[in-house]
Amino acid sequence: MKMVLHGDDLQAILDDIARMVEQLAPQALCSVLLLSEDGEHFIRSAAPSLPSSFHQAILQLTVDPATGSCGAAAYRREPVITADTASDPLWRNYQSLSVPHGLAACCSRPFFGRSGQVLGTVAIYHRVPGAPDKFDMQMLAAAADLAGVAVTAYIAERQIRDLSSYDALTGLPNRDRFRQLLEEELRQARRRGQAAGLLCIDLDRFRLVNESLGQKAGDAVLRQTARRLRQVAGATDETARLGADEFVVLVRNPSSLESLRSMARELALALAEPVEVDLRVFRQTASIGLCLFPDDGDDAQALMRGADLAMSQAKAQGGNAVCHYAADMLAASVQRLALRADLPGAAQRNELRLLYQPKLDLRSGEVTGAEALVRWAHPHYGVLSPAMFIPIAETSGDIMHIGNWVMHEACRQMAAWRAAGQTVLPVAINLSARQFADPALAANIESALRHYELDGELLELEVTESLVIEDPARAMKILSALQAIGVRIAVDDFGTGYSSLAQLKRFPVDSLKIDRSFVQDIPGEPNDAAIVKAIIAMGHALNLKVIAEGVETADQLNFLQRHDCDAIQGYYLSQPLSVDQLRDFMQRHHAASLIWRPA
């Protein structure tokens, strides 16, 4: 008991229990056997007076009603007495164990844990046949009690150790444990002259899962993420959860940087597979940063920092991306921290600007609308594109303030055009995922339209395809509420979200915007050309207007017009313009459109 209280080695304690029994009964031999966690076989033995060959043989035994005295005792959960191993049916298949070691009789007793589970058995062997006497049974009971206390204390200590080293939700190593594993792997890699790879994985917009579906759903997504990472990483590589929605994979001895990239892409594809939570199906993408030892860092701290910086770069690109660490990322990280600190209040300081990119109707040749695109006129870094600060705003929560500012500024500008007697162009604005999840979204938009005395059809709201199909039931409710106030709905980045025709026809939308990734290589790339034609046909079959974005060449324009695309936007027509530039553009285009039509 003193050894148990002092936390001595479990094997030493069990060996001492067996020796105690043998000292009290000099004619007896004692063994203590421990069961596996599933209770199906023995995994450890303490039998100091029996030869090692007996130990090895015992550990091959399974727990069932006919596996010797110990196997039967563990199975029956009660003492089992064998007066003669040579004739008892329990030992029929185990004569090779008893005869060579002169074990003629055996009495085995199970011992239990706090919840009543069988932890193992204690057995007394004699070299002559016969039933155990009362003293033997008393010793056996006392030894079983001591073994139960020792093993229970060991399990409790291990559980406490696991709690401090492993994540309770996913069962993965936590940050502290992973650092230990990484440092040990790097020591081995240096000694062997091998490489090591680190993949830092952060789930994109995971906070929205908790906010819209609840923590229970978020926990289910995290467990599913852990399972998928383990499946891809396999048994040789180490997966851990660093905290919140951030995971990491240690890749042991990757053959090359390209193999590390390949594994990162495989992880990204696995995580992007549809996730079902509470009968709702959605896609959860991830941003992945990779770092290679020793090329990108020669110690654990440098590797983890590099992989984290690369992951932040992937997230800054809009997420669902893989980035390799580069030395200049540290400066970019410092800039992101500065931008994050300056972002609150940017609208109040009058630092945000709206630019407008015209949309051209391919049938009439007229400009029929514009998309509002926000810029940040930062006092130190100059005019920043949305790619520089919108991902930061999404993670910090400032996206709600920016989104509301964009909506009101677009409405204010349309009202200003009307007051000046100019043509009022319908304006499209992008809705962020946080805005889309806001229960007050429809009410806020209706209030803005009423404040500026605008018809709802002058405002078009663009939502990404992936955002719509993440939770179709919720999306239907939100889109129906928006449709009820008269605004138009466009599905942005169409073709990237894997939605089906059956899904699309359910939603109250007015137009589809073909993602620029499919437009940039047409007409030369056959697969992209086929996709674009299919999207146009699909949209028209559902009576939807189809708009191609990112049009930059005459060949792209001609292809889209030949295949009946309704409208385009992109640098071939115009870059995003200020209000004054847009006015001049409209005047020039109106004059030109009297004599020009797209070819």
Side-chain angles (χ1 to χ4, degrees), residues 203-222 244-245 275-285 319 343-345 347-348 352 372 374 390-412 427-452 454-493 497 499 503-504 506-510:
L203 301 183
D204 297 327
R205 296 177 292 278
F206 175 74
R207 186 182 298 178
L208 286 174
V209 177
N210 280 335
E211 291 177 352
S212 58
L213 302 181
Q215 185 176 345
K216 181 180 177 182
D219 288 348
V221 171
L222 292 173
D245 57 348
V275 179
E276 182 175 340
V277 178
D278 293 337
L279 301 180
R280 296 174 175 177
V281 179
F282 59 94
R283 293 174 69 238
Q284 176 65 69
T285 60
L343 198 52
Q348 288 75 13
L352 298 183
V374 66
I390 290 298
I392 299 172
E394 287 178 338
T395 58
S396 68
D398 293 300
I399 192 66
M400 292 293 290
H401 302 296
I402 293 175
N404 287 333
W405 179 86
V406 169
M407 179 179 63
H408 280 272
E409 177 62 17
C411 289
R412 187 202 63 77
V427 174
I429 63 173
N430 292 279
L431 286 183
S432 70
R434 282 179 171 271
Q435 284 179 287
F436 195 68
D438 183 6
L441 174 64
N444 290 339
I445 293 174
E446 186 174 22
S447 175
L449 291 171
R450 187 166 54 248
H451 177 78
Y452 292 103
L454 297 173
D455 292 333
E457 64 181 10
L458 288 173
L459 186 65
E460 185 174 57
L461 305 176
E462 296 188 1
V463 294
T464 63
E465 180 186 13
S466 58
L467 191 61
V468 171
I469 67 171
E470 274 182 4
D471 187 348
R474 182 172 65 93
M476 175 64 76
K477 182 178 179 180
I478 296 169
L479 293 177
S480 297
L482 295 174
Q483 185 189 50
I485 61 178
V487 299
R488 293 183 296 165
I489 307 295
V491 177
D492 197 13
D493 300 338
S499 62
Q503 286 177 308
L504 186 63
R506 297 168 49 199
F507 298 116
V509 299
D510 300 287

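The analysis underlying the following values was restricted to heavy atoms, covering all of them including side chains, and did not include hydrogens, waters or symmetry mates. It should be emphasised that the depicted structure is a prediction, and the values quoted were computed from it without experimental measurement.
Within the model, atoms CD of Q284 and CG of D204 stand 7.0 Å from one another, a figure rounded to the nearest 0.5 Å. For the atom pair CG (L449) and CG (N444), the distance works out to 11.0 Å, reported to the nearest 0.5 Å. Between R450 atom CZ and I485 atom CD1 the span is 9.5 Å, to the nearest 0.5 Å. Note that CD1 of I399 and CD1 of I390 are 4.0 Å apart. Values are rounded to the nearest 0.5 Å.
Taking each heavy atom of A442 and L482 in turn, the nearest pair found is CA-CD2, 3.9 Å. For L431 against F436, the heavy-atom pair with the smallest separation is CD1-CD1, 4.3 Å. Residues A475 and F507 share a closest heavy-atom pair of CB-CE2, 4.1 Å. Here the closest non-hydrogen pair linking Q435 and M400 is N-SD, 3.7 Å. Summarising the geometry of I402 relative to A393, their closest heavy-atom pair is CD1-CB, 3.8 Å, with the distance given to 0.1 Å. Nearest heavy atoms, W405 versus A347: CD1-CB, 3.8 Å.
For the side chain to side chain donor-acceptor pair (under 3.5 Å) test, residues two or more places apart in sequence or in another chain that qualify with N430 are E371. For A448, the side chain to side chain contact (heavy atoms under 4.5 Å, CB included) test picks out M407, H408, C411, with sequence neighbours left out. With sequence neighbours excluded, no residue satisfies side chain to side chain donor-acceptor pair (under 3.5 Å) with E394. For the side chain to side chain contact (heavy atoms under 4.5 Å, CB included) test, no residue two or more places apart in sequence or in another chain qualifies with H451. For the side chain to side chain contact (heavy atoms under 4.5 Å, CB included) test, residues two or more places apart in sequence or in another chain that qualify with S480 are M476, P508. Partners of D455 according to the side chain to side chain contact (heavy atoms under 4.5 Å, CB included) rule, which considers only residues two or more places apart in sequence or in another chain, are E457. Scanning for salt bridge (charged side-chain N to carboxylate O under 4.0 Å, His left out) contacts around E446 gives an empty result, with sequence neighbours left out.
L222 places a side-chain heavy atom less than 4.5 Å from the side chain of L203.
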| task | Kindly determine whether L459 and I445 satisfy side-chain contact (heavy atoms from CB on, under 4.5 Å), including the steps that lead there. | result | CA-CA 9 Å; L459 186 65; I445 293 174; 3.9 Å; yes

| task | Could you please spell out the steps behind the side-chain contact (heavy atoms from CB on, under 4.5 Å) verdict for V463 and V509? | result | CA-CA 10 Å; V463 294; V509 299; 5.9 Å; no

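In this structure a side-chain-to-backbone donor-acceptor pair under 3.5 Å is missing from D510 to A490.
Judged as a salt bridge (charged side-chain N to carboxylate O under 4.0 Å, His left out), the pairs with a partner in residues 398-411 (not counting sequence neighbours) are, in order, E409-R412.
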